[in-house]
Amino acid sequence: MSDTLFSQIIRREIPADIVFEDDRALAFRDINPQAPVHVLVIPKQPIAMVAEAQPTDEPLLGHLLWVAAQVAREQGLTNGYRLVINNGADAGQTVFHLHIHVLGGRSLQWPPG
Ligand code: 5GP
């Protein structure tokens with residue numbers, strides 16, 4: 001897949017407020033937060049969207065959920081939070097490097113728009 005700005009964040013070519021990093025994942029604050037806590041969890045290995053994940057990506061996908069839970073805990077989201085993955089145009093995906101939105105710190109409405 002082609003390079004995105006998230007790959008540039010992984011390579012530290014553009015700045016980001018990083019809150020978690022390990023060998024497979026990076027988490028950083030969204031530049032346009034939709035809640036008091038809005039963090040993006042991304043794989044270091046670029047996958048454009050969840051629909052393009054391969055069977056061999058299954059452990060990585062599970063790891064990203066685990067990272068999202070750690071980030072939520074570290075950010076103090078003890079009263080609940082929402083994890084969102086936008087997949088493709090109809091979902092409003094704008095950056096084609098798979099990411100999990102971790103949203104919390106306020107009461108969230110359902111259903112989303
Ligand atoms: P999507 O709409 O693809 O699910 O989410 C992409 C997210 O990336 C948006 O919430 C947007 O605010 C965020 N974003 C876009 N560009 C940047 C950037 O340069 N830095 C950071 N930290 N977030 C970004």
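All values reported here derive from a predicted model rather than from experimental measurement. Note that ligands are numbered from 1 as they come in the structure, with each ligand's atoms numbered from 1 the same way.
- Minimum heavy-atom separation, Pro36 to Gly105: CG-O, 3.4 Å.
- Contact annotation for Gln34 and ligand 1: no heavy atom of the residue comes within less than 4.0 Å of the ligand.
- For atom 18 (C) of ligand 1, the closest non-hydrogen atom on the protein side is Leu5 CD1, 3.7 Å.
- Residue His38 places no N or O, backbone or side chain, under 3.5 Å from any N or O of ligand 1.
- Checked against the 6.0 Å centroid threshold, His99 and His101 count as a close aromatic pair.
- Contact record, Lys44 with Glu21: NZ-OE2, 2.8 Å, taken as the closest heavy-atom pair.
- Backbone and side-chain nitrogen or oxygen atoms of His101 are examined, and one is located within less than 3.5 angstrom of a nitrogen or oxygen of ligand 1.
- In this structure, atom 1 (P) of ligand 1 lies nearest to the protein heavy atom His99 NE2, 3.1 Å.
- Nearest protein neighbour of atom 22 (N) of ligand 1, counting heavy atoms only, is Arg29 O, 2.9 Å.
- Considering all non-hydrogen atoms of both residues, Asn32 and His38 come closest at O-ND1, 4.0 Å.
- Nearest protein heavy-atom neighbour of atom 3 (O) of ligand 1: Thr94 N, 2.7 Å.
- Closest of all the heavy-atom pairs between Pro43 and Leu60 is CB-CD2, 3.8 Å.
- Taking each heavy atom of Ile85 and Leu98 in turn, the nearest pair found is CG2-CD1, 3.8 Å.
- Taken from CG in Asp22 to CD in Gln70, the straight-line distance is 10.0 Å, to the nearest 0.5 Å.
- Of the heavy atoms in Phe6, only side-chain atoms (C-beta onward) come closer than 4.0 Å to ligand 1.
- Here the closest heavy-atom approach between residue Arg24 and residue Pro59 is recorded as NH1-O, 4.1 Å.
- Less than 4.0 angstrom separates some heavy atom of Asn86 from each of these atoms of ligand 1: 1 (P), 2 (O), 4 (O).
- Nearest protein heavy-atom contact of atom 9 (C) of ligand 1 is Asp30 OD2, 3.3 Å.
- Residue contacts with ligand 1, taken as heavy atom pairs separated by less than 4.0 Å, involve Leu40 solely via side-chain atoms from C-beta onward.
- Protein heavy atom at the shortest distance from atom 23 (N) of ligand 1 is Ile31 N, 3.2 Å.
- Which parts of ligand 1 touch Asn32 is read off a 4.0 Å heavy-atom cut-off, strictly below it: atoms 12 (O).
- In this structure, Ile18 and Arg12 have side chains that are in contact, with non-hydrogen atoms separated by less than 4.5 Å.
- Of the polar atoms of Val95, at least one N or O is found under 3.5 Å from an N or O of ligand 1, judged by distance alone.
- Residue-to-ligand polar distances place Gly92 within reach of ligand 1: an N/O pair is separated by less than 3.5 Å.
- Counting heavy atoms from C-beta outward, Arg29 and Gln75 have side chains that approach closer than 4.5 Å.
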